[in-house]
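Note sheet for the following structure.
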Amino acid sequence: MQKKLTALLPYVVILGLDFYLLPLLAGDTGPAMLLMLCVMPLAALISALVCGMRTGFGLILPAAALLLFIPTIFIYYNSSAWIYAPVYAAVVLIGTGIGGAFHRKA
């Protein structure tokens, strides 16, 4: 189990950077919407795809995405951003699922 968690650590860090640093680039509502609707989900999807291809399908990374995004609601957004937490978790779940289909077991 610890080996699996260690393998997921780089992808959790990428999601953390995605959720905590990218919102700093949005100065106004327009760029913030572009980030939340396009850039952040795309970054989460790509990292989940790579994670799925390298480690296989799992539910830990989608759960981590959900838990990582929730504090950003209070830091950067307002209560209307609650819907994005399960959406980002679903995007990561889909990404790990697709990536897991291409996973080769050693």
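For residues 1-20, no residue pair satisfies the side-chain hydrogen bond (donor to acceptor under 3.5 Å, both in side chains) rule, not counting sequence neighbours.
How far CD1 of Ile14 is from CG of Leu68: 12.0 Å, rounded to the nearest 0.5 Å. Thr96 OG1 to His103 NE2: the interatomic distance, rounded to the nearest 0.5 Å, is 12.0 Å. Atom CG of Leu66 is separated from atom CG of Leu59 by 12.0 Å, given to the nearest 0.5 angstrom. Once rounded to the nearest 0.5 Å, the distance linking CG of Leu15 with CG of Leu8 reads 10.0 Å. Taking CG of Leu21 as the reference point, atom OG1 of Thr72 lies at 11.5 Å (rounded to 0.5 Å). Here Ile60 contributes atom CD1 and Leu67 contributes atom CG; the two are 12.0 Å apart, rounded to the nearest 0.5 Å.
Under the 4.5 Å side-chain contact rule for hydrophobic residues, Phe57 and Leu9 do not share a cluster. If you chain together hydrophobic residues whose side chains sit under 4.5 Å apart, Leu93 and Ile98 never meet in one group. Val87 and Phe69 fall within a single hydrophobic cluster, where Ile, Leu, Val, Met, Phe, Trp and Tyr are joined by side-chain heavy atoms under 4.5 Å apart, directly or via other members. Criterion: ILVMFWY side-chain heavy atoms under 4.5 Å apart, direct or through other members. Under it, Leu34 and Leu24 are not part of a common hydrophobic cluster. Put simply, Met33 and Leu22 are part of the same group of oily side chains (I, L, V, M, F, W, Y) that touch within less than 4.5 Å, one to the next.
Ring centroid separation for the pair Phe19 and Tyr76 does not come in under the 6.0 Å cut-off.
Of all non-hydrogen atoms in Ala89 and Ala65, the two that sit nearest each other are CA-CB, 4.4 Å.
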Please output the side-chain donor-acceptor pairs of residues 77-84 that fall under 3.5 Å, not counting sequence neighbours, one pair per line with the distance.
from  : atom 1 : to    : atom 2 : distance (Å)
Asn78 : OD1    : Ser80 : N      : 3.0
Asn78 : OD1    : Ser80 : OG     : 2.5

Side-chain polar contacts of residues 41-52 - donor-acceptor pairs under 3.5 angstrom, sequence neighbours left out - could you list them?
from  : atom 1 : to    : atom 2 : distance (Å)
Ser47 : OG     : Ala43 : O      : 3.2
Ser47 : OG     : Ala44 : O      : 3.0

- prompt: Stepwise, does the side-chain contact (heavy atoms from CB on, under 4.5 Å) test hold for Tyr88 with Met36?
  reply: CA-CA 10 Å; Tyr88 288 141; Met36 286 190 75; 3.8 Å; yes

